[in-house]
Amino acid sequence: SASPGVRPLSRCPLAWGRAALQLPGLPLAPCRAFSNNKILVELDESSGVATMKFKSPPVNSLSLDFLTEFCISLEKLENDRACRGVIFASAVPKIFSSGLDITEMCGKSTEHYAEFWRAVQEMWLRLYGSNMVTVAAVNGSSPAGGCLVALSCDYRIMVENPKFSMGLNEAQLGIVAPFWFKDTFVNVVGHRIAERSLQLGSLHPAPEALKFGLVDELVPEEKLQEKAEAVMAQWLALPDHARQLTKSMMRKAVLDRMVAHREEDIQNFISFISKESIQKSLRMYMEMLKKKKS
Amino acid sequence: SASPGVRPLSRCPLAWGRAALQLPGLPLAPCRAFSNNKILVELDESSGVATMKFKSPPVNSLSLDFLTEFCISLEKLENDRACRGVIFASAVPKIFSSGLDITEMCGKSTEHYAEFWRAVQEMWLRLYGSNMVTVAAVNGSSPAGGCLVALSCDYRIMVENPKFSMGLNEAQLGIVAPFWFKDTFVNVVGHRIAERSLQLGSLHPAPEALKFGLVDELVPEEKLQEKAEAVMAQWLALPDHARQLTKSMMRKAVLDRMVAHREEDIQNFISFISKESIQKSLRMYMEMLKKKKS
Amino acid sequence: SASPGVRPLSRCPLAWGRAALQLPGLPLAPCRAFSNNKILVELDESSGVATMKFKSPPVNSLSLDFLTEFCISLEKLENDRACRGVIFASAVPKIFSSGLDITEMCGKSTEHYAEFWRAVQEMWLRLYGSNMVTVAAVNGSSPAGGCLVALSCDYRIMVENPKFSMGLNEAQLGIVAPFWFKDTFVNVVGHRIAERSLQLGSLHPAPEALKFGLVDELVPEEKLQEKAEAVMAQWLALPDHARQLTKSMMRKAVLDRMVAHREEDIQNFISFISKESIQKSLRMYMEMLKKKKS
């Protein structure tokens, strides 16, 4: 299904573990079976711009498989000198990404929770710390983990459809966004807006997402790709080295904090998600989603 | 004078000292004579929403008695499972609260200054760290400590009367807002606006308070109560546990910093306020207020 | 060339090294030959307001001589009880200051780089930490180090000419703004705007500089002086002591961080600027400027 521009991805990435911004202590992930079937990766070698298109219907949820593929694909591009920037978009209509896959957090073993959470962390560490220019072309709704993906990019363009919304709505589900989701959010919208939005678990319709600074601009859907490419070209006009060092300077404190508390964060997640009350509310939420669908 | 909804408050609160967000090291306050005569507390058990109405004419100044009553009332509500949120408002026309009572800071003993300042700290620790949803219905001017009360809530609604103003105007009186007033302010309006406003000791008329983010919205006076209840209902629609943990995550750094420097902060206050130059400027300020009144 | 209001400046400032806000560890600068020929300093003793006018054509670049004169002049005013505030402006048309003098960073010795960088640090420490009220009257473009001068003041007024622009555009030259340039910028415009602007090396035309908060207001060129004096009068209406302590409270963390990493920052600068790739790109940039001129 890959287009001609897609480069082959090895099944066992040797380079894995070398973080973009020299993050200390990123462990080698176990070598996982891998196939490029949830994300369509295309690299235009002439412009140096890759596109990562999420094509995991129905809602591009961030499952363990999706996250693993995301990390491997991003790592490949990171290590490819021909690639200087990545545009993220969805190949599924109306949804950018629905966020973390709740089935990975429900009725599973402690080991599974640990593996899943490590993958979520890894995705963020690689994306927020990427040396490449990263642009989110948000062509659909983007709650929770989907919002985190967008917030971790350098620039966010959203389709101006008020039916599309975006936000860290974890509190609505009875769960709490991890501190590094919060740190990322605060770096984008400031403390006050983050405090209110996180406590209310707000999903902001596109116009409000712009007003509160969650996204940088809105465009009609048919202009999204063109706009994303124009923004990318503007960012790539800068010399890479200075831009990368500047990006690292801006994000280092928040990245370091997560790396320093990584294992603790995994344990927190496990003990939180293992609570019967949390499991119950996640099961209820999934029931609700199923009913909604049918 | 209490309305039927007011619950009795014990004279010696046994639960005192258990902080909402598990703040370490909050000492037991001495058991003080107490009567519920400066704050009208009403709890609507059906909605879980309490109202604390300041009724300490002429200007609801934060005296030691007021602060003690405030802390005990808030603690009572905090420990009452029937109460999930509190709306703060004034029962005195045109003024929300004039801030710290200057008579407590003028010509008193070192011991008195220490006791007073500990009570100011305690008020803020309990309010900023409250597990309940806190909404300020700012129905009058709100300088200095009065502004701090509003800034420490989760949401601020102000009457759209441009004659009502709000701000940390300590610098106008020749004194300096403590670092935790500043931290609270910065968390609401950001560093730049706080830097400018604190240095100028600005009192922002309602429209400017909205523009600079000191309050979240303005409403006509007759709509204030209704609006406060609607906002409260929106916040209470969230599951308490996730919302509380989220709030704690957002405010913990600033709360911890104060707790860590609490005794030092008391000593700083005492040595600052004991200076003859400061005593003189406070006396002059009180003279001016007296003349203004007559 | 000095006007009657200019006070004599000693050639070897004994008081040098005493920082405004009691910064620890500011070393005594070597006694340098000095003449007041790059900055016109005037003090109006009746208002307590001094003006420092940059008159170092063609573009008021921050050379070692300029920086030394800047520091000595500011120190003189800081120690003069008759002076409570300083307005900074340019005596050169269309340019406020072009920023660091690139000739000081090109083809010089390691010792020269160290001396130059220490002078840049010193300028910022004295200006950002000044006890006086500082107002930037930005009557021309203000890139890089010129922007830093303006950002370090208490208030910024810019001429509303869209041909004048302002920003930390280091990344455009292939270099990276030091962390304390970044900290100063973040304190003014917040994290998100700083992250984007620094990575793109943006120069914001006056209207955008206002929109993004780099400046506080725009005025027609003929109103600039009058406006700067009015703003200064407003700030000077506050008691000095409380205002100074408040300013120190707001800026201390960022000042302390630089002082703590000062020597490291000098070494970083030397090793960065000594790289052949950086030297090459600076030479190319200077060539481009020369061609542009002719």
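The structure displayed is predicted, hence computed values, not measured ones. Residue numbering restarts at 1 for every chain, and letters A, B, ... go by the order of the sequence lines.
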Let me confirm one number: the [atom1]-[atom2] distance from [X] to [Y], rounded to the nearest 0.5 Å.
| X | Y | atom1 | atom2 | result |
| --- | --- | --- | --- | --- |
| A:M250 | C:F185 | CE | CZ | 8.5 Å |
| A:H241 | C:I278 | NE2 | CD1 | 6.0 Å |
| A:L238 | C:Q199 | CG | CD | 8.5 Å |

Next item on the list: State, yes or no, whether a side-chain contact exists between C:V176 and A:M249 at a heavy-atom distance under 4.5 Å.
Entry: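 Result yes, sub-4.5 Å side-chain heavy-atom pair found.
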Item checked: 4.5 Å side-chain heavy-atom contact, C:F272 and A:L245 ->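 Sidechains of A:L245 and C:F272: in contact.
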Note to self: Taking the basic N atoms (NZ, or NE/NH1/NH2) and the acidic carboxylate oxygens, is any pair closer than 4.0 Å for A:D154 and C:R196?
What the structure shows: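 Salt bridge: no.
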Checklist line | A:K252 NZ: over 12 foreign heavy atoms closer than 6.0 Å | finding: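 Count not over threshold, so no.
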Note to self: Surrounding CE of C:M284 (heavy atoms of other residues, nucleotides or ligands, distance under 6.0 Å), is the total greater than 12?
What the structure shows: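 It does not: C:M284 CE has 12 such atoms or fewer within range.
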Check: How close do A:P239 and C:G174 get, heavy atom to heavy atom, and via which atoms?
Finding: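 Distance-wise, the nearest heavy atoms are CG-CA, 3.8 Å.
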Next item on the list: Test salt bridge (charged side-chain N to carboxylate O under 4.0 Å, His left out) on A:K247 and C:E195 and set out the steps.
Entry: CA-CA 7 Å; A:K247 180 173 178 176; C:E195 184 182 274; over 6 Å; no
Notebook entry, point to check: C:L198 versus chain A, heavy atoms under 4.5 Å apart: side chain, backbone, both or neither?
Noted result: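 When you check distances to chain A, atoms from both the backbone and side chain of C:L198 fall under 4.5 Å.
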